[in-house]
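What follows is a short report on a single structure.
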Protein chains: 2
Amino acid sequence: MDKLKPDPSLLKPMRMFAGLDAAALQAVMEHGQARHVPKGGTVFKQGDQATTCHALIDGRIKIQHTTLDGQQMLVQFVGPGEMYGTLAMFLAGYPGDAVAVTDSVELLWSVDTMKNLMLTYPQIAMNTMAMLGDRLEDLQTRVRQLSTQRVERRVAYALLRLAQQAGRAVSDGVEISFPLSRQDLAEMTGTTLHTVSRILSAWESDGLTAGGRQQIVVVKPDALLAIAEDLPRPKPC
Amino acid sequence: MDKLKPDPSLLKPMRMFAGLDAAALQAVMEHGQARHVPKGGTVFKQGDQATTCHALIDGRIKIQHTTLDGQQMLVQFVGPGEMYGTLAMFLAGYPGDAVAVTDSVELLWSVDTMKNLMLTYPQIAMNTMAMLGDRLEDLQTRVRQLSTQRVERRVAYALLRLAQQAGRAVSDGVEISFPLSRQDLAEMTGTTLHTVSRILSAWESDGLTAGGRQQIVVVKPDALLAIAEDLPRPKPC
DNA sequence: AAATAAATTTGATCCACATCAAATATTTCA
DNA sequence: TGAAATATTTGATGTGGATCAAATTTATTT
């Protein structure tokens with residue numbers, strides 16, 4: 001976890017810092033630190049006192065909750081340019097674990113620092129609220145799906161979403177660009193790895209998807225979309 | 001929907017305006033309007049351009065989403081002192097319908113006004129983020145429950161939560177203080193009114209609950225808590 | 001008070017998916 | 001390279017709860 005040289009231009013494309021002038025970005029950058037997180041490394045742990053908030057520069061982080069009875073739930077995959085651990089600023093502790101699924105580089109700030117930055121530059125707070133709003137919408141979609149839709153549809157939706165967030169074009173379709181297990185997909189969609197495996201097997205024999213160990217290629221997005229129906233709308237802004 | 005005389009002291013106990021001085025509260029109040037909403041009245045509708053945000057003074061409002069295929073989902077019951085329609089400030093439109101389940105009195109502000117207030121008094125933005133954070137936690141709990149728990153447990157949890165938020169002590173227990181149908185409970189917990197009815201019947205014959213049409217009394221909270229297990233933690237602050 | 005509408009209860013049936021149980025790949029490590 | 005660990009696939013079985021279908025109770029309207 002080495003320190004790296006921070007560069008204010010990194011913040012420019014981030015939604016949380018949209019609309020800030022160069023001086024403000026400079027101030028934000030000066031208060032943050034950059035560091036490297038190796039694959040498998042833990043950024044923060046569920047329940048710990050929240051002392052930091054984070055922006056991902058490169059790599060992929062997964063946020064995972066564990067219930068009292070040991071059930072795992074995969075809350076989100078964080079990609080470059082996205083913030084994480086922000087929510088914890090306003091709660092007692094981190095609501096989940098943050099683990100790097102690939103080698104990653106992040107910026108981090110102390111919670112106090114970020115709160116002060118928000119008070120100094122209220123635009124950061126406004127941007128953060130918009131981000132929290134989107135996450136609320138996502139979760140509401142998830143609740144709705146769990147309440148009313150069958151597993152196959154939920155898995156199709158999750159996969160399409162991953163493809164558009166972290167897809168890489170390959171010869172036969174779009175590949176999820178980081179290691180993704182059947183177990184991960186199960187935890188994202190509220191089912192078991194067995195059911196996910198069966199679904200993917202069926203899709204594979206119909207030519208909708210391909211893949212191997214911890215790796216999935218979406219071959220026919222349209223067909224998946226037809227299954228998902230409840231379409232992942234392209235996010236504005 | 002008559003206009004009522006606004007009184008800044010109404011804002012004092014509200015979380016959104018915590019930590020503001022008298023002058024700030026005065027300013028907030030001056031920009032808002034009070035009005036009465038009759039039982040069954042609609043405050044805003046899903047999909048409409050979001051132009052207002054709201055605080056409930058008295059009564060009870062339910063927020064309900066309708067899916068494309070007509071499925072209903074009950075997102076939350078709003079009680080006195082709580083804000084609603086706040087999220088819409090940061091989204092394209094209102095994510096759901098807001099309907100009064102009892103005669104209600106609310107304050108409302110235009111979105112632009114509230115955004116300006118937030119920029120002027122960043123503490124409002126900080127408070128709002130904390131509230132959004134709590135709602136995110138709630139939704140994550142709901143997703144976790146839908147993913148991993150049986151219906152009976154989810155219904156027990158929902159009922160206990162309603163009892164602590166809107167319970168009124170009666171001779172034989174704690175009564176939910178507003179009309180609540182089996183259908184409502186079903187939409188809150190991702191099941192059908194039939195299943196909720198069966199569960200309540202079973203509880204009633206075991207003496208855990210009592211109730212009638214659109215009305216439920218929790219007779220043995222401890223027994224329900226044992227069923228819910230995944231305990232609703234009393235919210236701090 | 002009778003007629004209509006809305007909410008609730010209860011029974012019977014069915015199936016999507018969890019669970020139980022192994023076998024088979026694939027990767028990592030000694 | 002062989003052994004151990006980790007992922008994945010696939011089969012067999014059971015069940016929680018949805019769905020279909022009425023009957024019953026309670027509230028509202030005329």
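Below, chain A is the first sequence line, B the second, and so on; all start at residue 1. Being a predicted model, the structure only gives us computed values, none of them experimental.
With A/Val196 as the partner, the side chain to side chain contact (heavy atoms under 4.5 Å, CB included) test is satisfied by one option alone out of A/Asp184, A/Val151, A/Thr191: A/Thr191.
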Kindly list each side-chain donor-acceptor pair under 3.5 angstrom involving residues 83-100 of chain B, sequence neighbours excluded, with atom names and distances?
from	atom 1	to	atom 2	distance (Å)
B/Tyr84	OH	B/Glu106	OE1	2.4
B/Tyr94	OH	B/Thr51	N	3.1
B/Tyr94	OH	B/Thr52	N	2.9
B/Tyr94	OH	B/Thr52	O	3.2
B/Tyr94	OH	B/Thr52	OG1	2.7
B/Asp97	OD1	B/Gln46	N	2.6

Which pairs of donor and acceptor atoms, one on a side chain in residues 199-208 of chain A, lie under 3.5 Å apart (sequence neighbours left out)?
from	atom 1	to	atom 2	distance (Å)
A/Ser201	OG	A/Ser197	O	2.9
A/Trp203	NE1	A/Glu152	OE2	3.0
A/Ser205	OG	A/Ser201	O	3.3
A/Ser205	OG	A/Ala202	O	2.9

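Interface limits on DNA chain C: the 5'-most and 3'-most nucleotides within less than 4.0 Å of chain B heavy atoms are C/dA6 to C/dA12.
Looking at residues two or more places apart in sequence or on another chain, you find a side-chain hydrogen bond (donor to acceptor under 3.5 Å, both in side chains) between B/Gln215 and B/Glu175. A/Thr148 is linked by a side-chain hydrogen bond (donor to acceptor under 3.5 Å, both in side chains) to nothing, counting only residues two or more places apart in sequence or in another chain.
Looking only at distances, a side-chain donor or acceptor of A/Ser177 sits under 3.5 Å from a matching main-chain atom of A/Ala166. With hydrogens and angles disregarded, a donor-acceptor distance shorter than 3.5 Å links the side chain of B/Arg142 to the backbone of B/Val75.
Between B/Thr191 and D/dA18 there is a side-chain N or O to OP1 or OP2 distance below 4.0 Å. When the side-chain nitrogen and oxygen atoms of A/Arg182 are compared with OP1 and OP2 of D/dT9, one or more of them lie within a distance under 4.0 Å.
Protein atom CD of A/Gln214 is 18 Å distant from nucleotide atom P of D/dA5, rounded to whole Å. Nucleotide D/dG16 holds its P atom 12 Å from the CD1 atom of B/Ile199, rounded to whole Å. Atom-to-atom, CG of B/Leu200 to P of D/dG17 comes out at 14 Å; the value is rounded to the nearest Å.
Shown here is B/Arg150, whose CZ atom has no more than 12 heavy atoms of other residues, nucleotides or ligands within 6.0 Å.
Contact check for A/Lys62 versus A/Phe178: no side-chain heavy atoms found under the 4.5 Å cut-off.
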Output a table of nitrogen or oxygen pairs between the protein and nucleotides 23-30 of chain D separated by less than 3.5 Å.
from	atom 1	to	atom 2	distance (Å)
D/dT26	O2	B/Arg213	NH1	3.2

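Checked by distance alone, B/Arg198 brings no side-chain donor or acceptor within 3.5 Å of a matching partner on the base of D/dG16.
Nearest-nucleotide mapping onto DNA chain C: of A/Arg154 and B/His194, the residue sitting toward the 5' end is B/His194. Comparing B/Ser181 and A/Thr195 along DNA chain C, the residue whose closest nucleotide (by nearest heavy atom) sits nearer the 5' end is B/Ser181.
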